[in-house]
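Nothing fancy with the numbering, it's 1 onward along the sequence. All values derive from a computational prediction rather than experimental measurement. When reading the values below, keep in mind they use all heavy atoms of this one structure, side chains included, and skip hydrogens, waters and symmetry mates. In each ligand, atom 1 is the first atom listed, and ligand 1 is the first ligand listed.
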Amino acid sequence: MKILITYSSKTGNTEKVAKAIHENIPQASLLPISEIVNLDYDLIFVGGWIDRATFDQTALTLAKQIFDKNVAYFFTLGAYPDSDHAKDCITNIETLLKDNNNNIHGGYFCQGAIDPKLIAWFSTLPSDHKMAPSEERTKRWDAAKSHPDESDLNKAKEFALSIMNSIK
Ligand SMILES: Cc1cc2nc3c(=O)[nH]c(=O)nc-3n(C[C@H](O)[C@H](O)[C@H](O)COP(=O)(O)O)c2cc1C
């Protein structure tokens, strides 16, 4: 079985998750989306970072090109994993993959540290702006800082095994 693990990652969080998945599926090809040559695989793990409640543009563009495949997805996000926002991300990504008649075997996601440059920019916003620092937001950004951590990566490895068991 030909397996691809492919990802988009701006600051390295999603790449860490991709590498963890690969550790438990070493026979798979591990490629950043920019290096994919074709989609001639039996199973594709597609990963991205979250931008406006869905895959970032690179992962989104790729996901729209995957049709009639066995797929699994993964992502990292700044929001809490148990938030409504995370649920929206799952819905948006799964809808995208299902619309192309793909067979979704599962998904994995965890929090990922937010780019300090983005946080610095948030700090320049007027206090009534919806992304300006507030007590709640600052707490969430701080909580994201340590992710993905060892536990997140161990869960990504377990996810990899569960997907492989599901398609045996
Ligand atoms: C431009 C931009 C937009 C983002 N939008 C969201 C968002 O809508 N929701 C969210 O939870 N996180 C958002 N984030 C946070 C990233 O998804 C998160 O930090 C992710 O782990 C980055 O992954 P990477 O290191 O693989 O690039 C955004 C980050 C950037 C830079």
Side-chain angles (χ1 to χ4, degrees), residues 3-25 28-36 44-66 71-97 99 104 106-160 163:
I3 305 168
L4 173 67
I5 302 163
T6 191
Y7 61 92
S8 164
S9 183
K10 198 164 170 240
T11 58
N13 301 328
T14 316
E15 182 175 42
K16 283 184 195 161
V17 174
K19 285 182 173 167
I21 292 170
H22 188 235
E23 264 189 54
N24 270 356
I25 318 179
S29 300
L30 173 68
L31 290 173
I33 289 172
S34 57
E35 291 178 20
I36 296 176
I44 299 176
F45 287 77
V46 54
W49 53 277
I50 293 299
D51 184 356
R52 284 162 291 171
T54 190
F55 268 157
D56 68 274
Q57 196 55 56
T58 303
L60 196 61
T61 302
L62 174 71
K64 286 179 181 168
Q65 292 168 16
I66 303 175
V71 294
Y73 66 87
F74 57 99
F75 62 83
T76 65
L77 78 170
Y80 292 117
D82 60 355
S83 60
D84 286 343
H85 184 70
K87 287 192 191 108
D88 289 344
C89 297
I90 296 170
T91 303
N92 292 337
I93 291 168
E94 291 200 351
T95 302
L96 191 73
L97 292 168
D99 280 352
I104 304 176
Y108 175 73
F109 60 96
C110 64
Q111 229 177 350
I114 297 162
D115 188 347
K117 284 188 211 126
L118 190 63
I119 292 179
W121 177 73
F122 289 151
S123 307
T124 68
L125 296 170
S127 57
D128 58 346
H129 189 284
K130 67 175 181 154
M131 287 315 293
S134 65
E135 202 178 323
E136 188 279 322
R137 269 175 232 123
T138 308
K139 204 171 148 203
R140 175 158 37 89
W141 298 337
D142 280 349
K145 265 186 194 163
S146 57
H147 294 275
D149 60 17
E150 202 182 331
S151 163
D152 297 325
L153 298 178
N154 283 334
K155 285 181 193 153
K157 288 180 204 171
E158 284 167 24
F159 160 72
I163 299 293

So which protein heavy atom does atom 27 (O) of ligand 1 come closest to, and at what separation? K10 N, 2.7 Å

Would you mind checking which non-hydrogen protein atom is closest to atom 25 (O) of ligand 1, with the distance to 0.1 Å? T11 OG1, 2.4 Å

With a 4.0 Å cut-off on N to O distance, would you call D84 and K87 a salt bridge? yes

Check: R137 side chain, A132 main-chain N or O, donor-acceptor pair, under 3.5 Å: yes

Counting C-beta onward and ignoring hydrogens, is there a side-chain heavy-atom pair between V17 and Y7 closer than 4.5 Å? no

Who's the nearest protein heavy-atom neighbour of atom 11 (O) of ligand 1, and how far? A79 N, 3.0 Å

Residue and atom name of the nearest protein heavy atom (relative to atom 2 (C) of ligand 1), distance in Å to one decimal: W49 CZ3, 3.6 Å

Of the non-hydrogen atoms in A28 and I5, which two are nearest, and what is the gap between them? CB-CD1, 3.7 Å

Taking atom 3 (C) of ligand 1 as the reference point, the nearest protein heavy atom with its distance: D51 OD1, 3.4 Å

Within a distance under 4.0 Å of any heavy atom of L118, pick out the atoms of ligand 1 and give their elements. 2 (C), 29 (C), 30 (C), 31 (C)

Has the side chain of N92 got a donor or acceptor atom that lies under 3.5 Å from a matching backbone atom of A53? yes

Any donor-acceptor N/O pair, D152 side chain to D149 backbone, under 3.5 Å: yes

What are the two closest non-hydrogen atoms of I90 and F109, and how far apart are they? CD1-CE2, 3.4 Å

Protein contact to atom 8 (O) of ligand 1 [nearest heavy atom, distance to 0.1 Å]: R52 N, 2.8 Å

Between T76 and ligand 1, which residue portion shows a heavy-atom distance shorter than 4.0 Å: side chain, backbone, both, or neither? both

Between Q111 (side chain only) and L77 (backbone N and O only), is there a donor and an acceptor less than 3.5 Å apart? no

Nearest heavy atom to atom 19 (O) of ligand 1 wins, so pick from G78, G48, A113. A113

Distance from atom 9 (N) of ligand 1 to nearest protein heavy atom, with residue and atom: H85 NE2, 2.8 Å

Subset of ligand 1 atoms that lie under 4.0 Å from at least one heavy atom of A53: 8 (O)

Numbering the atoms of ligand 1 from 1, which are under 4.0 Å from a heavy atom of G112? 18 (C), 19 (O), 21 (O)

To the closest 0.5 Å, what do you measure between CG (N24) and CD1 (I163)? 12.0 Å

Under a 4.0 Å heavy-atom limit, does A86 contact ligand 1 with its side chain, its backbone, both, or neither? neither

L77, I50, V17: member with heavy atom nearest to atom 4 (C) of ligand 1: I50

Does D142 form a salt bridge (charged side-chain N to carboxylate O under 4.0 Å, His left out) with K139? I'd like the steps, not just the answer. CA-CA 5 Å; D142 280 349; K139 204 171 148 203; over 6 Å; no

Heavy-atom contact under 4.0 Å between I114 and ligand 1? yes

Q111 versus ligand 1: do any nitrogen or oxygen atoms come within less than 3.5 Å of each other? no

